[in-house]
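What you see is a predicted model; the values in this text were computed from it and never measured.
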Amino acid sequence: MAGVIDDYVASLRRELDFDPALARRMAEDIEAHLRDAAEADPAWPSPEAERRAVERFGLAREIAGQFATDAVSRQARRTWIALLATVLVTFIAMRLRVMWLNDFGDSLSVLAPLVDRYAFIAALAVGAIGWFAFRRSLLPLAICLGALAASIAAGILRAGLFVEGAPLHVLLAAAGEIALTGLLSFHVIGLGLRMRRTAMLRRAG
């Protein structure tokens with residue numbers, strides 16, 4: 001049968017299930033600490049020794065809330081790094097398309113170049129403001145993601161990359177910005193989930 005420490009560790013894993021790697025690492029470390037504390041109790045081995053070790057350590061939900069806050073900070077850093085990489089590769093891809101189009105010519109109306117250019121500028125502006133003023137907020141990252149996706153889509157359509165047979169370096173740059181946009185989406189969604197769970201843990205605590 002599961003003991004008091006086993007139940008506590010299982011509860012902690014449930015609270016941190018939004019981040020399986022974190023849940024596994026913290027559960028292993030905390031279980032080892034609790035067992036050491038219980039074995040040092042004069043009543044060991046007994047459920048009372050385990051219960052006292054758990055009570056001294058604190059409620060699982062409160063501990064999970066502390067770890068969840070740290071997880072949000074780490075995920076926010078990863079998301080901003082992904083955003084920076086996406087912006088840089090998108091800028092390079094834009095310049096390569098422009099150089100190619102100077103010889104080839106745009107394949108669509110004036111709308112696509114405008115979206116390509118100004119959506120990218122909007123992503124830069126929102127990203128800069130978000131970094132200095134709202135670094136822990138999800139909104140500027142989501143806006144940047146949407147703006148970059150619009151810029152990339154307009155740039156690809158503008159250049160007719162899937163129709164006109166663009167040079168290999170232009171196609172590779174486009175593939176890179178698409179892949180990084182997918183990576184950025186993954187990090188933005190992950191950050192949103194962690195922020196939501198952290199808020200729930202704080203309210204419950």
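More than 12 heavy-atom neighbours from other residues, nucleotides or ligands sit within 6.0 angstrom of CZ on R56. Summarising the local packing, CZ of R196 is surrounded by 12 or fewer heavy atoms from other residues, nucleotides or ligands at distances under 6.0 Å.
Cluster membership check: V54 shares its hydrophobic cluster with L16, using side-chain heavy-atom separations under 4.5 Å among Ile, Leu, Val, Met, Phe, Trp and Tyr. Connection of L145 to I178 is not established within any shared hydrophobic cluster, with ILVMFWY side chains joined at heavy-atom distances below 4.5 Å, either directly or through further cluster members. Hydrophobic clustering (ILVMFWY, side-chain heavy atoms < 4.5 Å, transitive): W131 and L184 are in one cluster. V170 is not connected to L148 by any chain of hydrophobic side-chain contacts under 4.5 Å among Ile, Leu, Val, Met, Phe, Trp and Tyr, and they are in different clusters. Under a hydrophobic clustering in which Ile, Leu, Val, Met, Phe, Trp and Tyr are joined whenever their side-chain heavy atoms come within less than 4.5 Å, directly or via other members, V98 and F120 fall into different clusters.
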Distance-only donor-acceptor hits, side chain of residues 78-93, under 3.5 Å, sequence neighbours excluded:
| unit_1 | atom_1 | unit_2 | atom_2 | d |
| --- | --- | --- | --- | --- |
| R78 | NE | Q75 | OE1 | 3.3 |
| R78 | NH2 | Q75 | OE1 | 2.7 |
| T79 | OG1 | Q75 | O | 2.7 |
| T79 | OG1 | H187 | O | 3.4 |
| W80 | NE1 | R135 | O | 2.9 |
| T86 | OG1 | A82 | O | 2.7 |
| T86 | OG1 | L180 | O | 3.3 |
| T90 | OG1 | T86 | O | 2.6 |

Just distance, no hydrogens or angles: give the donor-acceptor pairs under 3.5 Å from side chains in residues 8-15, sequence neighbours left out.
| unit_1 | atom_1 | unit_2 | atom_2 | d |
| --- | --- | --- | --- | --- |
| Y8 | OH | G58 | O | 2.7 |
| E15 | OE2 | R61 | NH2 | 3.0 |

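Taking all atoms of both residues into account, the shortest heavy-atom contact from L191 to V72 is CD1-O, 3.8 Å. Of all non-hydrogen atoms in D19 and A71, the two that sit nearest each other are OD2-CB, 4.2 Å. Heavy atoms only, all atoms of each residue included: R97 and A174 are closest at NH1-CB, 4.4 Å. The minimum heavy-atom distance linking D41 with A49 is given by the pair CB-CB, 3.8 Å. In plain terms, the two heavy atoms of A38 and I5 that are nearest each other are CB-CD1, 4.0 Å. Between V115 and A150, the shortest heavy-atom contact is CG1-O, 3.8 Å.
Note that OG of S151 and CD of E177 are 7.5 Å apart. Values are rounded to the nearest 0.5 Å. To the nearest 0.5 Å, the span separating CZ on R52 from OG on S46 amounts to 6.0 Å. Atom OG1 of T181 sits about 3.0 Å away from atom CD1 of I152, to the nearest 0.5 Å. Atom CE of M26 sits about 9.0 Å away from atom CG of D70, to the nearest 0.5 Å. Atoms CD and CG, from E50 and D6 in turn, are 7.0 Å apart once rounded to the nearest 0.5 Å. Rounding to the nearest 0.5 angstrom, the gap separating the CZ atom in R24 from the CG atom in D29 is 11.5 Å.
Between R197 and D17 there is a salt bridge, since a side-chain N of the basic residue sits under 4.0 Å from a carboxylate O of the acidic one.
Residues L168 and L172 meet the side-chain proximity criterion, which asks for heavy atoms closer than 4.5 Å.
Each of H33, E39, E31 was checked for a side chain to side chain donor-acceptor pair (under 3.5 Å) with R35, and the lone residue meeting it is E31.
Grouped with F134 in one hydrophobic cluster are I129, the linkage being side-chain heavy-atom contacts under 4.5 Å among Ile, Leu, Val, Met, Phe, Trp and Tyr residues.
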